[in-house]
Amino acid sequence: MASEDVKRRESAVSTIVNMAEEAKHASEGVKAPSHALLSICKSLVAGGVAGGVSRTAVAPLERLKILLQVQNPHSIKYNGTVQGLKYIWRTEGFRGLFKGNGTNCARIIPNSAVKFFSYEEASKGILYLYRQQSGNEDAQLTPLLRLGAGACAGIIAMSATYPMDMVRGRLTVQTEKSPCQYRGIFHALSTVLREEGPRALYKGWLPSVIGVVPYVGLNFAVYESLKDWLIKNKPFGLVEDSELSVTTRLACGAAAGTVGQTVAYPLDVIRRRMQMVGWKDAASVVTGDGKSKAPLEYTGMIDAFRKTVRYEGFGALYKGLIPNSVKVVPSIAIAFVTYELVKDVLGVELRISD
């Protein structure tokens, strides 16, 4: 009898333990998706904050770059970085330096969030396929694979927010002398839709897609490859305990930004010029106050390249490169570092290089 009682007790204890383990697994199964969703949301927030902070920090240079890209060659108002910034200050005041920045942030925050998140997801997918194909479970992303992941992220993010970029370009080049004033983001969007149709919101999309592959792809590839090289080789005592300092990460981001923007810059100029086509009562900086001699209409990307080079020379494809170089280095560097710092603060397990 005693032995039977012991067996019953052991059986009851075993049943309780099994039930507890099943309940634990069930609760973990319920919590896992919500935990993953929270991690995704935190990653998106980090990307958005990184984009907003980095763009606001260099907003005056961003506006000057666009003005140099689209200004009429027969009525030059902005002639260089220093002169251009002084001219904006003198004619439009402090607010003029940040004109279009609100629209830019409204665009860049979701753009940056989607871009960073897409890069991490694309990296994981590409790494999984690479390991399956090579049969090596310990294989890591190569610079070429990182470039591919970065290009995918750039195309997805740019396409999702392109209409905002288009109206941002027009808002940015507006001056007090512009015949027709857009009052803000939504007024610009509604006006373009009413006067030019839905397709107008995607003017310049093709050169943007082509340009985003080397630009974003090289940004991520160079940044991650530099970090990995520094961590593995530890030159000049820059690495401590397998971690890079903020200054070193800034330098990596700066190098990444310089390489990417130099390769893709001509496509950015063509994109901006195509965005100005069809603008009724366009800004005076585009029309040259009625003194325009060069054709403003482009039938497509190739036509835009051809007419730009024919009427203004090859150098026109690099108009605004100097202020853009001054801008893009700190902008990209601040974006990468802010992204990782915000993720550390929010406690996100994923990092760009994971």
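Cluster membership check: Val167 shares its hydrophobic cluster with Leu193, using side-chain heavy-atom separations under 4.5 Å among Ile, Leu, Val, Met, Phe, Trp and Tyr. Tracing side-chain contacts under 4.5 Å through hydrophobic residues (I, L, V, M, F, W, Y), one never reaches Leu129 starting from Leu141; they form parts of separate clusters. Residues Ile322 and Val82 do not share a hydrophobic cluster, defined by chaining ILVMFWY side chains whose heavy atoms lie under 4.5 Å apart. Both Ile66 and Leu201 sit in one connected hydrophobic cluster of ILVMFWY residues. Membership requires side-chain heavy atoms under 4.5 Å apart, directly or through other members.
Side-chain atoms of Arg131 come within 3.5 Å of backbone N or O of Glu137 as a donor-acceptor pair. Between the side chain of Tyr119 and the backbone N or O of Cys152, no donor-acceptor pair lies under 3.5 Å. The backbone N or O of Gly320 sits less than 3.5 Å from a side-chain atom of Tyr265, completing a donor-acceptor pair. Side chain of Thr161 to main chain of Met164: no donor-acceptor pair is present (N/O by atom type, distance under 3.5 Å, no hydrogens or angles). Using modelled atom types, one side-chain atom of Gln71 and one backbone atom of Lys77 make a donor-acceptor pair closer than 3.5 Å. Between the Gln83 side chain and the Asn79 main chain, a donor and an acceptor come within less than 3.5 Å of each other. No side-chain donor-acceptor contact under 3.5 Å links Thr56 to the backbone of Val53. Not one N or O on the side chain of Tyr130 forms a donor-acceptor pair closer than 3.5 Å with the backbone of Leu145.
Across Ala50 and Ala335, no two heavy atoms sit closer than the pair CB-O, 3.2 Å. Of all heavy-atom pairs spanning Gly204 and Arg271, the tightest one is O-CG, 3.6 Å. Of all the heavy atoms in Val70 and Arg273, the pair that sits closest is CG1-N, 4.3 Å. Of all the heavy atoms in Phe98 and Ala59, the pair that sits closest is CD2-CB, 3.5 Å. Taking all atoms of both residues into account, the shortest heavy-atom contact from Val49 to Thr338 is CG1-CG2, 4.1 Å. Of all heavy-atom pairs between Ala264 and Gly211, the closest is CB-O, 3.4 Å.
Using modelled atom types, one finds no donor on one side chain facing an acceptor on the other under 3.5 Å when comparing Tyr128 with Lys124.
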(request) Kindly determine whether Tyr202 and Met274 satisfy side chain to side chain contact (heavy atoms under 4.5 Å, CB included), including the steps that lead there. (result) CA-CA 10 Å; Tyr202 281 88; Met274 291 180 70; over 6 Å; no
(request) Begin from the C-alpha positions of Arg170 and Glu196 and carry the test salt bridge (Lys or Arg N to Asp or Glu O under 4.0 Å) through to its verdict. (result) CA-CA 14 Å; Arg170 292 194 176 185; Glu196 302 173 50; 2.6 Å; yes
(request) Before giving the answer on side-chain hydrogen bond (donor to acceptor under 3.5 Å, both in side chains), spell out for Gln69 and Tyr318 the whole-Å C-alpha distance, their side-chain angles and the decisive distance to 0.1 Å. (result) CA-CA 8 Å; Gln69 286 178 333; Tyr318 285 89; over 6 Å; no
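Residue Leu341 places its CG atom among more than 12 non-hydrogen atoms of other residues, nucleotides or ligands, all under 6.0 Å distant.
A search for salt bridge (Lys or Arg N to Asp or Glu O under 4.0 Å) contacts involving Arg306 returns Asp303, not counting sequence neighbours.
Using a 30° and 60° split on the angle between ring planes, Phe94 and Trp89 fall in the perpendicular class, above 60°.
Salt bridge status for Glu62 with Arg168: present, with a side-chain N to carboxylate O gap under 4.0 Å. Between Asp165 and Arg272 there is a salt bridge, with a side-chain nitrogen of the basic residue lying less than 4.0 Å from a carboxylate oxygen of the acidic one.
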